[in-house]
2 protein chains.
Amino acid sequence: MLELSILGFLHETPLHGYELRKRVAALTGHIKPIAESTLYPAIKRLEKSGWLRRDQQPGAVAAPRHVLSLTDGGRAELMRRLAEPEPLDISNENRWFTVLAFLRHLADPAAQAVVLRRRLAFLEEPSSFFYADDRPVSAEEVDDPFRQGVLVIARATSRAELDWLRTTLAALDAAA
Amino acid sequence: MLELSILGFLHETPLHGYELRKRVAALTGHIKPIAESTLYPAIKRLEKSGWLRRDQQPGAVAAPRHVLSLTDGGRAELMRRLAEPEPLDISNENRWFTVLAFLRHLADPAAQAVVLRRRLAFLEEPSSFFYADDRPVSAEEVDDPFRQGVLVIARATSRAELDWLRTTLAALDAAA
DNA sequence: ACGTAGTACCTCGACACCGATGTATAGTTC
DNA sequence: GAACTATACATCGGTGTCGAGGTACTACGT
C-alpha cells in the first residue's frame, strides 16, 4: 500500500523523499500515519528492485536531496499493481482507496473497469461482521446498539459505493 | 486489533483456539483474514502477560483442545483497551469497528459515551485524502472520477456514522 | 548565545505478521 | 485404497513496520 503510493506519486512527478513523505501523509496519514523509518526503507526496496532511480541534488535548505523518479520498470510495475490488485487491496477500504487514488494512471477504460468490477463483486457478496447459526445477522436483529452501528454504517458505505461503482462503470463502458 | 478481538470473545465465553479463530474470521475475516500462524502466537503473548488461562481438554474429534478463558487481569485489560483505545483504533475504520463490536462489555454508559465522542471528534475534524495548496479538495473540485469516488464514498460513510453517533450519544446521555 | 522548529536523510533493535510446513486424528468422497 | 476436508495445535524464517535515536544545516525568536 505504501509502495503503491510511492509508485503512484512518482509516476506523476519526480520527488525527493521528504516531499514524498508529505504527500503520503496527506493521502492516508489521517487514517494511518506512516513513520519516516518505514518510508526510507521502502524507497530503498523499490530502488533495489530497479523501479526507481535516485539523483543527487544540492539541498534547498538542508541536507542534499535525493530526487526520486520512476524507471520504465517502475512504471510497468505500477501498471501491474493497478491492473491486478491483490485480494487485500480489494477488500480493505484503505488499500482500495489507495488503488482508486492512482487508478486514473491505468489509462485504458476497459482495464479500469475490470478493477472496479472486482470491488463490485466483493461488495455484492453477502457478508457481515456478525453471524448466528452461520447466517449473517442484519442490523434489525442485533440488540447491541454498538454492533447495530457497525452494520448501519457498513450498509450506508456499501450502498454509496455500489451506486458510485455502477454509474462509473456505465461511463467507462460507454467510453470503451 | 487481533488481541482486542481475542479478549473480547473470551470475555463472552471460554473458547479453544480453533473456535476463536472461526469467530475472529467471521468478525473481520472478509476484510482482512488472519492466519493461524498469527493467532496462536497472539494467544501465547496474552497468556504470557497473564491475561488468559489455558485448560487442557481431550479433543472432541482431533488433537487435545486448549480451552482459553480470561483471567481477572485479562478482564481488566479488556476494559482498559475499550475505555482508552489507541489513536489508531479511532482513526482506522477496521480497528474502530472492532472496538464497537465489543464496546457493550464496557457496561458504563458514560464510559461508552467518552469513546464514541472521540470518534465523533475525529470525524468532525476537517480532513481529506487530497489537497491543493494545503486546502482539502472537495469531490466537486476533483476531475479524476476515481478520486471523486473516494471522496463521495468517504462522505457518505462519514454522514451515516455522524448520524448514528449523535443519536446513540443522545441515548447514552439519557441513560447516564 | 541558546533553544526550537523545519528540512533532509539514515540506522538499529524489537516485534507483529505471514506463508510454508509439520503432526495427528476422523470422516467423507472418488 | 487414496485423496481430501475438517479438527486442533505448533514452529520457523523472512519481512514490513515502528519508535528511538543520530547527523547536519537553516531560520527565527529572545
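Here is the naming used below: chain letters follow the sequence lines, and residue numbers restart at 1 for every chain. Computed from a prediction, not measured in an experiment: that's the story for all the values here.
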Taking atom types as modelled, find out whether B:H105 and B:E12 have a side-chain donor-acceptor pair closer than 3.5 angstrom.
-> yes
In Å and rounded to the nearest 0.5 Å, what is the CZ to CH2 distance from B:R45 to B:W51?
->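 If we round to the nearest 0.5 Å, B:R45:CZ and B:W51:CH2 are 10.0 Å apart.
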Atom-pair distance ([atom1] on [X]; [atom2] on [N]), nearest Å:
| X | N | atom1 | atom2 | result |
| --- | --- | --- | --- | --- |
| B:L15 | D:dT7 | CG | P | 14 Å |
| A:R45 | C:dT11 | CZ | C1' | 15 Å |
| B:Y18 | D:dT7 | OH | P | 4 Å |
| B:L2 | C:dC18 | CG | C1' | 13 Å |
| B:R21 | D:dA10 | CZ | C1' | 13 Å |
| B:H66 | D:dC9 | NE2 | P | 6 Å |
| B:K48 | C:dA14 | NZ | C1' | 13 Å |
| A:I43 | C:dA8 | CD1 | P | 13 Å |

Of B:Q56, B:H16, B:R53, B:E47, the residue whose pairing with B:H66 passes side chain to side chain donor-acceptor pair (under 3.5 Å) =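 Result: among B:Q56, B:H16, B:R53, B:E47, B:Q56 is the only option passing the side chain to side chain donor-acceptor pair (under 3.5 Å) with B:H66.
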Of all of residues 22-40 of chain A, which get a heavy atom below 4.0 angstrom from DNA chain D, listed by number?
-> A:K32, A:P33, A:A35, A:S37, A:T38
Residues touching DNA chain D, which here means a heavy atom under 4.0 Å, drawn from residues 84-103 of chain A = none
Can you find a pair of side-chain heavy atoms, one from B:E124 and one from B:L162, that are under 4.5 Å apart?
-> yes
Under 4.0 Å between a Lys/Arg side-chain N and an Asp/Glu carboxylate O for A:R119 and A:D89?
-> no
